[in-house]
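For reference, the structure discussed in these notes is given below.
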2 protein chains.
Amino acid sequence: MTDRLTDFEHLLLGLICAEPSSGYDLKRAFVTTPIGVYQPSSGALYPALQRLQTKGLIQSGPPTTAGVSPGRRRSVNQATSAGRAAHENWVRTPVEAASVSRDLGLHLMRFVMMEPLLTQPEVLAFLCGLRDALAAFVAELDRYTRAATFEGRHPALALDHGIAIHRASLDWAEHAITSLTT
Amino acid sequence: MTDRLTDFEHLLLGLICAEPSSGYDLKRAFVTTPIGVYQPSSGALYPALQRLQTKGLIQSGPPTTAGVSPGRRRSVNQATSAGRAAHENWVRTPVEAASVSRDLGLHLMRFVMMEPLLTQPEVLAFLCGLRDALAAFVAELDRYTRAATFEGRHPALALDHGIAIHRASLDWAEHAITSLTT
DNA sequence: ATCCGCATGTAACCCGTTACATGATTCT
DNA sequence: AGAATCATGTAACGGGTTACATGCGGAT
């Protein structure tokens with residue numbers, strides 16, 4: 001019951017918390033999303049919804065044709081209070097400095113989903129945590145660049161890339177902080 | 001035999017092509033790597049090596065204690081000619097514009113590994129393909145930003161992030177091109 | 001009445017993670 | 001000799017991908 005959820009399950013739960021949705025809605029949500037790079041398959045989506053249901057985090061209403069007219073019956077999934085609690089808990093998870101690079105995309109998703117749930121100070125605290133973690137990561141890469149000795153030019157260039165994109169993330173975090181405080 | 005390889009298998013094969021290595025060497029290679037965010041587990045590493053061996057892409061020599069003195073016997077994996085061919089083929093794979101965001105990390109790895117294998121014009125062609133794909137992706141995100149209407153500020157900020165980091169990648173690609181032509 | 005597309009699912013397969021097991025080598 | 005570490009593996013488990021199955025709605 002207090003099992004860990006997959007990243008994917010967390011995202012689904014978050015989308016459902018934001019708005020009760022059918023499986024098909026969720027699929028389209030991922031397609032339409034700006035980071036539409038990922039399109040979940042049915043074989044990933046529906047089993048994940050079943051797992052969330054088994055854990056009591058969502059419950060699916062009976063198939064209805066309500067809402068959209070040119071559609072077939074769809075069972076709408078709604079978050080339970082336990083589900084909303086789990087989602088809010090996930091959204092509040094602080095940024096881990098050690099895994100900031102790997103989890104960056106996930107943090108951005110959390111940033112979007114925390115808007116209607118958290119107070120502005122909480123959001124700013126999250127962004128500061130993210131900024132600090134990114135600053136530490138960039139510093140580490142810089143340190144590595146100075147310490148290491150490369151053969152050839154490509155390794156150094158690849159490192160430059162890592163530094164560049166994480167510095168861009170860092171700049172964004174600072175921009176977001178000032179943008180949200182005005 | 002002509003099965004597709006996993007990304008991970010491609011990386012292993014590439015590392016082995018660059019230098020014959022034991023499983024332990026490969027593990028440490030990932031740890032020491034600048035993007036040391038990923039550390040393969042034994043349960044991923046050794047089965048992957050076995051799969052490469054089954055496909056005839058690598059072959060492991062008998063356990064030896066040669067080389068490092070304070071070590072145990074390790075079986076050194078060497079790439080076969082088929083393995084080197086498969087690796088070179090992988091390195092030469094052109095950048096797919098549709099998946100450039102998802103595969104960006106992989107492309108960087110390929111960029112590093114292509115240094116001793118490809119001619120400078122080939123490397124530049126790869127970088128130009130990467131640059132064009134990134135430019136197209138950034139343009140798409142820009143278009144999406146103008147077209148979409150958001151509720152709240154976080155979604156727009158998250159999109160800004162996506163644009164910022166991919167623009168940084170794009171700038172890097174252009175810098176790399178000019179850096180390698182001088 | 002039939003056909004096509006929507007919406008939800010299911011089964012087989014693959015692979016990575018976690019955790020444990022095993023033998024060999026060096027250190028005390 | 002015994003302990004600790006190195007190096008290689010294996011077993012159970014989870015979850016994602018691909019491909020297929022089903023059933024209902026609207027269109028011709």
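We use all heavy atoms of the structure for the numbers below, so side chains are in, but hydrogens, waters and symmetry mates are not.
With 3.5 Å as the limit, one finds a donor-acceptor pair spanning the side chains of B/Ser22 and B/Asp25.
One interatomic measurement links the two molecules: CG of A/Leu45 to P of D/dG16, which rounds to 10 Å at whole-angstrom precision. Taking atom NZ of residue B/Lys27 and atom P of nucleotide C/dT17, one finds them 11 Å apart after rounding to whole Å. Rounded to an integer number of Å, the gap from B/Leu52 CG to C/dG16 P is 11 Å. Spacing between atom NE2 of B/His10 and atom P of C/dC15 amounts to 12 Å, rounded to whole angstrom units. Rounded to whole angstrom, the span from the CG atom of B/Leu5 across to the P atom of C/dG16 amounts to 11 Å. Here the C1' atom of nucleotide D/dA11 and the OH atom of B/Tyr46 are 17 Å apart, to the nearest Å. As a whole-Å value, the separation of B/Arg51 CZ from D/dT8 P is 17 Å. To the nearest angstrom, P of D/dG15 lies 15 Å from CG of A/Leu11.
At least one side-chain nitrogen or oxygen of A/Tyr38 sits closer than 4.0 Å to the OP1 or OP2 atom of D/dT17. Side-chain nitrogen and oxygen atoms of A/Ser41 include at least one within less than 4.0 Å of the OP1 or OP2 phosphate oxygen of D/dT17. Between B/Gln50 and D/dT10 there is a side-chain N or O to OP1 or OP2 distance below 4.0 Å.
Hydrophobic clustering of Ile, Leu, Val, Met, Phe, Trp and Tyr side chains at less than 4.5 Å, counting indirect connections, keeps A/Val112 apart from A/Leu104.
Using a 30° and 60° split on the angle between ring planes, B/Trp90 and B/His10 fall in the parallel class, below 30°.
A salt bridge between A/Arg92 and A/Glu88 is present, with a side-chain N of the basic residue lying under 4.0 Å from a carboxylate O of the acidic one.
Using a 4.0 Å heavy-atom distance criterion, B/Gly23 is classed as a sugar-phosphate-only contact.
The 5' end of DNA chain C is approached more closely, in terms of each residue's nearest nucleotide, by B/Ala48 than by the other of B/Ala48 and B/Ser42.
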